[in-house]
**Student:** 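Shown below is the structure under consideration.
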Amino acid sequence: MLEILKGVWNFRFFVLSSIKADLLSRIARSRLGVLWLVIPPLAQVAIFSLILSQVMAAKLPGIDSVFSYSIYLMAGILAWSLFTEIMTRSLTVFIDNATILKKIMFPKVALPLIVYGVAAINSTILFFAIMVAYALMGHWPGSSLLWLPVVAGLCSLLALGLGLILGVLNVFVRDVGQFTTIALQVWFWFTPIVYLPEILPEKVRWVIAINPMAWIVTAYHDVLVYHRRPDLITLSIAAVLIMALAMLALLIYRRASTEMVDVL
């Protein structure tokens with residue numbers, strides 16, 4: 001494991017330059033530039049708000065605002081957009097860079113880290129856009145924001161761990177990518193982003209209880225919506241499980257690394 005981390009450190013300038021190149025390619029020849037990084041998730045918020053705000057407005061206790069549902073929704077979308085961007089890009093990161101992997105010797109695990117770097121910057125830009133929207137709505141999280149880097153870090157590590165495992169498996173079995181795309185759509189609706197967990201029937205609430213992204217999104221809601229620190233017990237359990245997942249991902253990557261180029 002130390003060899004993997006050392007290899008990534010030796011290629012840190014490659015990782016940083018690749019992140020910069022990826023971001024620049026997204027805004028090249030675009031008049032709106034970085035706005036395209038925040039328009040899709042905010043458009044999703046607007047659509048859900050228009051459709052569901054009247055249904056959910058009376059079921060959001062603790063948020064004293066006419067924009068309560070939009071405030072709640074934006075916090076969840078911020079978490080989910082970071083998670084899904086890392087996951088979906090990690091799924092095909094080795095396949096998309098097959099030519100480079102065959103021609104250049106460098107740690108393959110650097111590629112998911114490039115994905116993470118780009119996603120982290122995109123999420124930061126979206127965060128500031130949401131803070132502007134919150135200010136316009138008269139809502140400000142206050143000192144609870146100090147917990148956001150911790151929660152975002154856990155969200156990123158969860159996505160990186162799963163993304164690395166599935167990205168490696170996708171090299172050998174391409175059905176993994178198709179299955180994961182569908183699974184993410186289902187996962188979204190079993191995560192309390194557009195609704196409160198309390199509105200679900202009792203017989204399906206256990207799904208929320210074992211869903212790690214539900215823990216993460218709830219922590220985002222605590223920090224950004226309810227002005228309080230996340231539940232430390234839940235956060236600690238999530239941290240231990242996510243760290244274990246990350247170690248498993250590195251182990252799987254290490255064992256499959258030498259065979260991936262041949263398969264690609």
**Student:** Please report the shortest heavy-atom distance between V217 and A79, naming the atom on each side.
**Tutor:** CG2-CB, 4.1 Å

**Student:** Can L184 and M87 be said to form a side chain to side chain contact (heavy atoms under 4.5 Å, CB included), step by step?
**Tutor:** CA-CA 9 Å; L184 283 173; M87 277 284 293; 4.3 Å; yes

**Student:** State the CD1-CD distance between I182 and Q178, to the nearest 0.5 angstrom.
**Tutor:** 7.5 Å

**Student:** Would you call L160 and L164 a side-chain contact if the rule is heavy atoms closer than 4.5 Å?
**Tutor:** no

**Student:** Could you go through the side chain to side chain contact (heavy atoms under 4.5 Å, CB included) check for V168 and R255 one step at a time?
**Tutor:** CA-CA 10 Å; V168 169; R255 294 196 172 185; over 6 Å; no

**Student:** Closest heavy-atom contact between G161 and A249?
**Tutor:** O-CB, 3.4 Å

**Student:** Heavy-atom count around F172 CZ within 6.0 Å, excluding the residue itself: above 12?
**Tutor:** yes

**Student:** Rounded to the nearest 0.5 Å, how far does OG of S18 lie from CG of L111?
**Tutor:** 8.0 Å

**Student:** Write down the atom of H227, the atom of W140, and the distance for their closest heavy-atom approach.
**Tutor:** NE2-O, 3.2 Å

**Student:** Examine F188 together with W80 and report whether their ring centres are nearer than 6.0 Å.
**Tutor:** yes

**Student:** Quick check, are the ring centers of H221 and Y226 under 6.0 angstrom apart?
**Tutor:** no

**Student:** Is there a side-chain contact between M74 and Y134 (heavy atoms, below 4.5 Å)?
**Tutor:** yes

**Student:** Quick check on I233: does its CD1 atom have over 12 non-hydrogen neighbours (other residues, nucleotides or ligands) under 6.0 Å away?
**Tutor:** no

**Student:** Main chain of T92, side chain of N170: is a donor-acceptor contact present, judged purely on distance under 3.5 Å?
**Tutor:** no

**Student:** Does S123 use its side chain to pair, donor to acceptor, with the backbone of A119 at less than 3.5 Å?
**Tutor:** no

**Student:** Side chains of R89 and V118, heavy atoms from C-beta outward: is any pair under 4.5 Å?
**Tutor:** yes

**Student:** Y220 versus L148: any side-chain heavy-atom pair under 4.5 Å?
**Tutor:** yes

**Student:** Side chains of W147 and L235: does their closest heavy-atom pair fall under 4.5 Å?
**Tutor:** yes

**Student:** Short question: side chain of N211, backbone of F190 - any donor-acceptor pair under 3.5 Å?
**Tutor:** yes

**Student:** Is a donor on one side and an acceptor on the other found under 3.5 Å between the side chain of S257 and the backbone of R254?
**Tutor:** no

**Student:** Are M260 and V173 linked, directly or through other ILVMFWY residues, by side chains that come within less than 4.5 angstrom of each other?
**Tutor:** yes

**Student:** Taking salt bridge (charged side-chain N to carboxylate O under 4.0 Å, His left out) as the definition, give me every residue that meets it alongside E202, ordered by chain and number, with sequence neighbours left out.
**Tutor:** R205

**Student:** Evaluate side chain to side chain contact (heavy atoms under 4.5 Å, CB included) for T218 paired with I208, printing each intermediate quantity in order.
**Tutor:** CA-CA 10 Å; T218 298; I208 301 293; over 6 Å; no

**Student:** Is there a path of hydrophobic side-chain contacts, each under 4.5 Å between heavy atoms of I, L, V, M, F, W or Y residues, that connects I19 with I100?
**Tutor:** yes

**Student:** Give a yes or no on whether I237 and I210 share a hydrophobic cluster (residues Ile, Leu, Val, Met, Phe, Trp, Tyr; joining criterion: side-chain heavy atoms under 4.5 Å apart).
**Tutor:** no

**Student:** Give a yes or no on whether the backbone of L224 and the side-chain of H139 come within a donor-acceptor separation of less than 3.5 Å.
**Tutor:** yes

**Student:** Can you tell me how far the OG atom of S68 sits from the CG atom of L73, to the nearest 0.5 Å?
**Tutor:** 11.0 Å

**Student:** CE of M243 to CG of L158: how many Å apart, nearest 0.5 Å?
**Tutor:** 12.5 Å

**Student:** Side chain to side chain contact (heavy atoms under 4.5 Å, CB included) between S81 and L126: does it pass, once the steps are laid out?
**Tutor:** CA-CA 9 Å; S81 63; L126 177 59; 3.4 Å; yes

**Student:** For the OH atom on Y116, are there more than 12 heavy atoms of other groups (residues, nucleotides or ligands in this structure) within a distance under 6.0 Å?
**Tutor:** no

**Student:** Any heavy-atom pair between the side chains of L145 and F127 that's under 4.5 Å?
**Tutor:** yes

**Student:** Do side-chain atoms of Y253 reach the backbone of L248 as a donor and acceptor pair under 3.5 angstrom?
**Tutor:** no

**Student:** So, the side chain of T181 versus the backbone of G177: is there a donor-acceptor pair under 3.5 Å, distance only?
**Tutor:** yes

**Student:** Using 0.5 Å steps for rounding, measure from the CD atom of E85 to the OG atom of S156.
**Tutor:** 10.0 Å

**Student:** Okay, side chain of N97, backbone of V93: is any donor-acceptor separation there less than 3.5 Å?
**Tutor:** yes

**Student:** Could you tell me whether the side chain of S144 and the main chain of P141 form a donor-acceptor pair under 3.5 Å?
**Tutor:** yes

**Student:** Quick one, F94 and V109 - any side-chain contact, counting heavy atoms below 4.5 Å?
**Tutor:** no

**Student:** Between CZ of F83 and CG of L157, what distance do you get to the nearest 0.5 Å?
**Tutor:** 11.5 Å

**Student:** Are L196 and W189 connected in a single hydrophobic cluster, I mean Ile/Leu/Val/Met/Phe/Trp/Tyr linked by side-chain heavy atoms less than 4.5 Å apart?
**Tutor:** yes

**Student:** Verify the cluster assignment for I242 and L232: are they in a single hydrophobic cluster under the rule of side-chain heavy atoms below 4.5 Å apart?
**Tutor:** yes

**Student:** Does the side chain of L154 come within less than 4.5 Å of W215's, by heavy atoms?
**Tutor:** no

